[in-house]
Amino acid sequence: SKELKQAVLVLENMVADMEDFVIFLMSYPR
Amino acid sequence: TTTKEDLQRLLQLLLRISTVVEEAEGRRIENRAMVRQISIMREQMFRGYYLLDAFRC
């Protein structure tokens, strides 16, 4: 459905933008 | 793409996002922008899981 495709697109974009965030995240202590 | 493929892709994306969210929750993050970003990711993740469950049912 259209709603499902829209959700996939939103998450695809989020994951694409996540790369820099993950690198930055790894610099934080546990 | 078919609905089945979309659901499969959605699941893959959710697994990836949940790994990052879980990793973020285990760290002491004080940067407000990062905390906000994690919050948005978590919200989108729950929305995605809700949709996944709804379509599976």
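So that the names make sense, note that chain A is the first sequence line, chain B the second, and so on, each numbered from 1.
- Of residues 8-19 of chain B, those residues with a non-hydrogen atom less than 4.5 Å from any non-hydrogen atom of chain A are, in numerical order, B/R9, B/L10, B/L13, B/L14, B/R16, B/I17.
- Heavy-atom proximity under 4.5 angstrom to chain A picks out B/M41, B/Q44, B/L51, B/F55 from residues 41-57 of chain B.
- Looking only at heavy-atom pairs under 4.5 Å with chain B, the residue among A/E12, A/M26, A/M18 that has the most is A/E12.
- Pairing each heavy atom of B/V20 with each of A/L25, the nearest pair is O-CD2, 4.0 Å.
- The hydrophobic clustering, which links ILVMFWY residues whose side-chain heavy atoms are closer than 4.5 Å, places B/V35 and A/V22 together.
- Atom CD of B/E22 is surrounded by 12 or fewer heavy atoms from other residues, nucleotides or ligands within 6.0 Å.
- Salt-bridge annotation for A/K5 and B/E5: absent, with no side-chain N of the basic residue lying under 4.0 Å from a carboxylate O of the acidic one.
- Shown here are the side-chain contact (heavy atoms from CB on, under 4.5 Å) partners of A/S27, two or more places apart in sequence or in another chain: A/F24.
- B/I40 and A/L9 fall into different hydrophobic clusters, defined by Ile, Leu, Val, Met, Phe, Trp and Tyr side-chain heavy atoms under 4.5 Å apart, directly or through other members.
- Residues passing the side-chain contact (heavy atoms from CB on, under 4.5 Å) test with B/R32, sequence neighbours excluded: none.
- Using a 4.5 Å cut-off between heavy atoms, A/V15 touches chain B through its side chain atoms alone.
- Between chain A and the residues B/E23, B/Q37, B/R28, B/M34, the most heavy-atom pairs under 4.5 angstrom are made by B/M34.
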